[in-house]
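These notes are about the structure you will find just below.
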Amino acid sequence: MAETYRALVVDKQGDDVTTSLVERGMDALPEGDVTIRVAYSSVNYKDGLATLAKGGVARTYPLIPGIDLAGTVADSKDPRFKDGDVVLITGFDLGVAHDGGFAELARVPADWVVKKPDGLSLRECMLFGTAGFTAGLAVQALEAHGVTPEKGPVLVTGATGGVGSVAVSMLANLGFDVAASTGKESEHAYLKSLGATEILSRDTVSAETRPLDKGQFAGAIDQVGGDTLSWLMAHMKYRGAIACTGLTGGIAFKSTVLPLLLRGVSVLGIDSVMCPMAERPVLWDRMAGDLRPKHLTDEIAVETDLDGLGGVLSTILKGGVRGRTVVKLA
Ligand SMILES: NC(=O)c1ccc[n+]([C@@H]2O[C@H](COP(=O)([O-])OP(=O)(O)OC[C@H]3O[C@@H](n4cnc5c(N)ncnc54)[C@H](OP(=O)(O)O)[C@@H]3O)[C@@H](O)[C@H]2O)c1
């Protein structure tokens, strides 16, 4: 195994946070049973937050961010894995309290590791990454709630982002009539190419509203939160469900119990980080199968490497990234 590995490291001195590319020795690898030669990671909104002094994500310094990775096992002290296994990780403490995927090598607890599903390459696994896995969890939650294409349209908010793009494409593939909201007027054609049939502006879906307004949507996948979630509560059809995945528009929202009591609206919380291990391979298999977006290609994703990563991390914090960015390490 190489004596050194390259990584992007975030460090904090007082109130100042710095991000730099470093070459580290093997002795800098953290504790863990499984050492992985990282082929790909990806850029998620949370990785941007991990580079901010007050981002509320990094729980230790110095930290290698990167909340997901896919690669090949180089060494394992756990009998569940052997050298050469192809694996992936999303969530847990990766890139938050434990060195993450923005490095050529990673060492992690075996309990975090998922074997790569057949039918997806390592690169495709990270085209999905945490954002795609979260979109999959949200789609499954709507399905489990009984939201079907016959019940009416499903709205995806913050639709040009990572979770949003994959969610639009997954839902369209499953036969849903997909509405998409976005703040980017220039990206309407992109959203239509992913399968959205109606585009709403970000202003429309975050406007002040009555507690109950016209019931328009059978389901929603909301990765914006804030005023957008308030608006959604008022615009769901009878027994509609909102899968809440994100907070790019803020954490607080205002509503009343009326949508719950008079329309039987459900709010479904989605957490990918601590999703039980038993559920993960099952969902990854679906993501390689019926949930695989037709557009899981260069339409949704662009690629960068460790040298280009700093720029993407600052762009994602400004809401400027479209779709997914995979990070090529190997
Ligand atoms: N629950 C979980 O387990 C989980 C997992 C992954 C991600 N998340 C959360 O999901 C959210 C999206 O993550 P991501 O990786 O997809 O991020 P992303 O790629 O940056 O997408 C976020 C999108 O939100 C919209 N947006 C940005 N700023 C906004 C604002 N001020 N108000 C309203 N909309 C805004 C933009 O889309 P438009 O320009 O199209 O409107 C942007 O592209 C984040 O909050 C993230 O923390 C949660």
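Note that ligands are numbered from 1 as they come in the structure, with each ligand's atoms numbered from 1 the same way. Just the heavy atoms: all of them, side chains too, but no hydrogens, waters or symmetry mates, feed the values below.
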Minimum non-hydrogen distance to [atom], winning option of [options]:
atom: atom 6 (C) of ligand 1; options: Thr182, Thr134, Val57; answer: Thr134
atom: atom 17 (O) of ligand 1; options: Tyr190, Tyr45, Phe133; answer: Tyr45
atom: atom 48 (C) of ligand 1; options: Thr245, Val163, Thr248; answer: Thr245

>> Can you confirm whether the side chains of Thr182 and Tyr190 place a donor and an acceptor under 3.5 Å from each other?
In response: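 Side-chain D/A pair, Thr182 to Tyr190: absent.
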>> With no hydrogens and no angle check, just 3.5 Å: does a side-chain donor-acceptor pair link Lys82 and Ser76?
In response: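 On atom types as modelled, these side chains do not qualify, holding no pair under 3.5 Å.
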Using a strict threshold of under 4.0 Å (side-chain N to carboxylate O), is an ion pair present between [Y] and [X]?
X: Lys254; Y: Glu208; answer: yes
X: Glu187; Y: Arg322; answer: yes
X: Arg6; Y: Asp305; answer: no
X: Lys116; Y: Asp118; answer: no
X: Arg286; Y: Glu143; answer: yes
X: Asp285; Y: Arg280; answer: no
X: Arg24; Y: Asp99; answer: yes

Protein contact of [atom] - nearest heavy atom, named by residue and atom, plus distance:
atom: atom 32 (N) of ligand 1; result: Gly249 CA, 3.7 Å
atom: atom 1 (N) of ligand 1; result: Ile270 O, 2.8 Å
atom: atom 34 (N) of ligand 1; result: Arg202 NE, 3.4 Å
atom: atom 43 (O) of ligand 1; result: Lys184 NZ, 3.1 Å
atom: atom 22 (C) of ligand 1; result: Gln223 OE1, 3.5 Å
atom: atom 21 (O) of ligand 1; result: Gly161 CA, 3.2 Å
atom: atom 19 (O) of ligand 1; result: Gly162 N, 2.8 Å
atom: atom 20 (O) of ligand 1; result: Ile316 CG1, 3.2 Å

>> Given Lys46, which partner from the list Thr130, Val273, Ile316, Asp68 fulfils the side chain to side chain contact (heavy atoms under 4.5 Å, CB included) test?
In response: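 Between Lys46 and the candidates, side chain to side chain contact (heavy atoms under 4.5 Å, CB included) is satisfied uniquely by Val273.
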>> Leu262 and side chain to side chain contact (heavy atoms under 4.5 Å, CB included): which single residue from Thr256, Val257, Leu212 fits?
In response: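 One option only clears the test, and that one is Leu212.
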Counting each atom of ligand 1 from 1 as listed, which ones have a heavy atom of [X] under 4.0 Å away?
X: Gly158; value: 23 (C), 24 (O), 25 (C), 37 (O), 38 (P), 40 (O), 41 (O)
X: Thr160; value: 37 (O), 38 (P), 39 (O), 40 (O), 43 (O)
X: Leu247; value: 45 (O)
X: Gly246; value: 9 (C), 10 (O), 11 (C), 45 (O)
X: Val224; value: 33 (C), 34 (N)
X: Ser272; value: 2 (C), 3 (O), 5 (C)
X: Val321; value: 43 (O)

> Between Ala159 and ligand 1, which residue portion shows a heavy-atom distance shorter than 4.0 Å: side chain, backbone, both, or neither?
Replying inline: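 The answer is the backbone of Ala159.
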> When you look at Asp85 and Arg80, which way does the salt bridge (charged side-chain N to carboxylate O under 4.0 Å, His left out) test go after all the steps?
Replying inline: CA-CA 10 Å; Asp85 281 351; Arg80 287 171 288 179; over 6 Å; no
> Taking only residues two or more places apart in sequence, or in another chain, which ones meet Phe176 in a ring pair (Phe, Tyr, Trp, His ring centres under 6.0 Å)?
Replying inline: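 Ring pair (Phe, Tyr, Trp, His ring centres under 6.0 Å) list for Phe176, sorted by chain: empty.
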>> Geometry only, no angles: is Ala131 polar-contacting ligand 1 at N/O separations under 3.5 Å?
In response: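 The answer is no, given that Ala131 and ligand 1 share no N or O pair closer than 3.5 Å.
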> Quick one: does Lys46 get a heavy atom under 4.0 Å from ligand 1?
Replying inline: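 Judged by the 4.0 Å heavy-atom criterion, Lys46 does not count as contacting ligand 1.
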